Amino acid sequence: MNGNASPSTKAQWLALKETLHIENRPFINGCYQSVEALESIKVVNPADGSCITEVFACGQAALERAVLAARESFDSGVWSSLPPVERKKRLLALSRLIYRHRDELALLESLDMGKPVRDSLNLDMNRAVECFAWHAEAIDKFYDQMAPLSENYLGLIRHEPIGVVAAIVPWNFPLVMASWKVAPALATGNSVILKPSERSMLTALRLAGLAKEAGIPDGVFQVLPGFGYTLGKAMALHNDIDCLVFTGSTATGKLLLQYAGQSNMKKVYLECGGKSPHLIFDDGVDIDKAALTAARAIFFNQGEVCVAGSRLLLQKSIKEAVLERVLQHAASMKAGDPLEMTSFMGALVDEAHLKRVLQYIESGICEGAKLLCGGQQVYQDSGGYFVNPTVFDDVTPQMTIFQEEIFGPVLSVCSFDDEDEALRLANNSCFGLAAGVWTADMRRANRLSRKLRAGTVWINSWSGGDMTMPFGGFKQSGNGRDRSLQAMAKYTETKAVWYDFTD
Ligand code: NAD
């Protein structure tokens, strides 16, 4: 419990680390349990390569127990039939508990996946707190409807919980991504089984204990750590899971659609990858602000962001001026120790991901893009996985670094002559998660906001968002939406109930 000010120095975070109890067991049917795991998963601190703990990897047997508990809890009505106002109270209690434990959770997340603890505390934890509170508050404002029928009939359009929901989430914002699924799914009365990424399990496991403390009944919220290709696949193929919600890569999303088709045709909602274009026009925009925003849009969270502004499209006449400023900002946004409050970027999540990012950089060089800064691993002596901001100029749409999601601090820059060319370049992608436009011409802003094929379009800004705004993608960035009342609707079945009062 935390009634005091949060740590503000590395020494204070290290002192807190000494007091952490790190849970390494799955949470099934209301308690942490040791399972008959064939494998365990090493949790490695990406800042120094040290092993923090080993977590039980759940397999089919643990999944069967969890699905049974989820089904029984759902059918019993212990949660699904609770008055909405009661569900609201308990989810608000969970939101408060996350807030109270924010220091511990922020530190776990930073140690687990390498992000700066400052961002983890100030951004991720606040967003998770807010997400649970928002969906809790929405529960008793989420009305059913009545159809406009003639007077002898009554037609009710009811939203009912779907049943057992499996949530599979990634590692880049572990608690926030989990919250975006778990909060609306619980709010609408479902029983939820969460599988965190095998690269970031610690806060999800901790969340399970906090949910119990908040009064979420046994079996209603369970957390199973495990590998994607075993546990995740088994969840997607399971015939007694009614709905699968996912955030992760497009490649995995495509597999999940197949698994659903091979099993019970469960509902599948996907939030997948992105390669978001950031367009800057020469029609009078504040290029200082645009350049700073462009640098933050790609280097925040080490570039491990689904909506990273990874393709910077600059109108030719201002290209050099903007690029010069972006490079200055890149030089000040270096990677550093995640526990130092001054580090802009932390470490990449693990060695495999580091290698993947370096391979993309290599492909950029080999395919003829011009490397302007960064481009290699740094601070190797630390044992961690650090790469500094990397910028490529003269990138063309044929290049791998223009088309594929790198998920690291690598910016691809290209130029355009006019609005038509900018739009063609921007939409030249299999992804459609987000886009940004800097223009002083509001007619142009309106035109492009309509023509850009993306789930979110930012005008003269990047990364703004709120629980009231839906979030998700066009094209291969996914389907369905997280956040807002649209997320609540996603976790319900629509039932039409027909009353006939004719004689
Ligand atoms: P990933 O697809 O490798 O893994 C995501 C989750 O899926 C993990 O829990 C993993 O264990 C599981 N998984 C992997 N293979 C599986 C399989 N065969 N069957 C079932 N589950 C499986 O993605 P990642 O590397 O963890 O995350 C990065 C990706 O997530 C990026 O593409 C990023 O753009 C995307 N992402 C999207 C959003 C969004 O809202 N659209 C947000 C954050 C991250």
Side-chain angles (χ1 to χ4, degrees), residues 66-91 131-132 134-168 180-194 216-217 219-222 235-236 238-246 256-257 259-261 263-271 467-468 470-472 478-503:
V67 173
L68 187 64
R71 176 63 58 197
E72 283 177 1
S73 71
F74 183 75
D75 289 348
S76 73
V78 65
W79 181 251
S80 52
S81 300
L82 266 194
V85 71
E86 183 57 36
R87 288 208 299 268
K88 165 174 150 172
K89 273 188 208 153
R90 300 193 198 182
L91 288 181
C131 178
F132 274 97
W134 194 90
H135 285 292
E137 284 294 353
I139 295 174
D140 56 356
K141 289 128 195 127
F142 189 57
Y143 283 71
D144 291 330
Q145 292 168 306
M146 196 171 83
L149 302 177
S150 63
E151 61 188 22
N152 285 328
Y153 301 99
L154 175 62
L156 299 180
I157 302 164
R158 280 209 307 245
H159 297 291
E160 298 186 355
I162 300 176
V164 176
V165 172
I168 300 181
W180 282 11
K181 310 293 188 204
V182 173
L186 287 178
T188 42
N190 298 282
S191 290
V192 181
I193 303 171
L194 170 67
I216 309 296
V220 170
F221 178 53
Q222 305 176 86
M235 291 167 92
H238 204 288
N239 282 316
D240 207 24
I241 287 178
D242 303 302
C243 174
L244 177 66
V245 287
F246 169 77
L256 299 186
L257 290 170
Y259 300 152
S263 53
N264 61 343
M265 217 171 93
K266 55 181 69 61
K267 290 175 175 29
V268 180
Y269 296 106
L270 307 170
E271 299 285 350
M467 284 306 301
T468 57
F471 180 87
N479 63 345
R481 292 293 180 266
D482 283 334
R483 299 196 315 216
S484 82
L485 292 183
Q486 290 198 18
M488 303 279 281
K490 186 167 98 176
Y491 293 98
T492 63
E493 294 275 20
T494 301
K495 184 179 280 176
V497 183
W498 181 267
Y499 290 84
D500 185 337
F501 299 117
T502 54
D503 295 328

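The shown structure was predicted, so the numbers you read here are calculated from the model rather than taken from an experiment.
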Does the side chain of E271 reach to within under 4.5 Å of the side chain of W180, using non-hydrogen atoms?
no

So, do Y269 and D482 sit near enough that their side-chain heavy atoms are less than 4.5 Å apart?
no

Tell me whether K266 contacts the main-chain N or O of H238 through its side chain, where contact means a donor paired with an acceptor under 3.5 Å.
yes

L270 side chain reached by L244 side chain, heavy atoms, under 4.5 Å:
no

Examine distances only and state if a side-chain atom of N264 and a backbone atom of I241 form a donor-acceptor pair shorter than 3.5 Å.
yes

Is a side-chain N or O of R87 found less than 3.5 angstrom from the main chain of A187, in a donor-acceptor match?
yes

Counting distance only, does the side-chain N/O of S73 pair as donor-acceptor with the main-chain N or O of G219 below 3.5 Å?
yes

Hey, could you give me the CZ/CG distance between F142 and L485, rounded to the nearest 0.5 Å?
6.5 Å

How long is the span from the CG atom in L186 to the OH atom in Y491, to the nearest 0.5 Å?
9.5 Å

Side chains of P217 and R90, heavy atoms from C-beta outward: is any pair under 4.5 Å?
yes

Do any N or O atoms from the side chain of S80 and from the backbone of F74 form a donor-acceptor pair under 3.5 angstrom?
yes

Could you measure the distance from the CZ atom of F132 to the CE atom of M467? Nearest 0.5 Å is fine.
10.0 Å

If I take atom CG from residue D75 and atom OG from residue S81, how far apart are they, to the nearest 0.5 angstrom?
9.5 Å

Just by distance, do the side chain of Q222 and the backbone of A66 share a donor-acceptor pair under 3.5 Å?
yes

Please answer whether the main-chain N or O of I168 pairs with a side-chain N or O of K181 as donor and acceptor at a distance below 3.5 Å.
no

Please tell me if the side chains of K267 and K490 come closer than 4.5 Å, counting only heavy atoms from C-beta onward.
no

Between R71 and D242 (salt bridge meaning N to carboxylate O under 4.0 Å), is one present in this structure?
yes

Taking N190 for its side chain and V192 for its backbone only, find out whether a donor-acceptor pair lies under 3.5 Å.
no

Atom CZ of F501: over 12 foreign heavy atoms under 6.0 Å:
yes

Can a donor-acceptor pair be found, under 3.5 Å and without considering hydrogens, that links the side chain of D140 to the backbone of P83?
no

About how many Å separate CZ of F246 and CG of N479, when rounded to the nearest 0.5 Å?
11.0 Å

Within-4.5 Å side-chain heavy-atom neighbours: K141 and K88
yes

Nearest heavy-atom contact between I157 and D144 is O-CB, 3.3 Å

Considering non-hydrogen atoms only, spot the tightest contact between H135 and S484 and give its length.
CE1-O, 3.8 Å

Just jot down the side chain to side chain donor-acceptor pair (under 3.5 Å) partners of E160, sequence neighbours excluded, or say none.
R158, K495

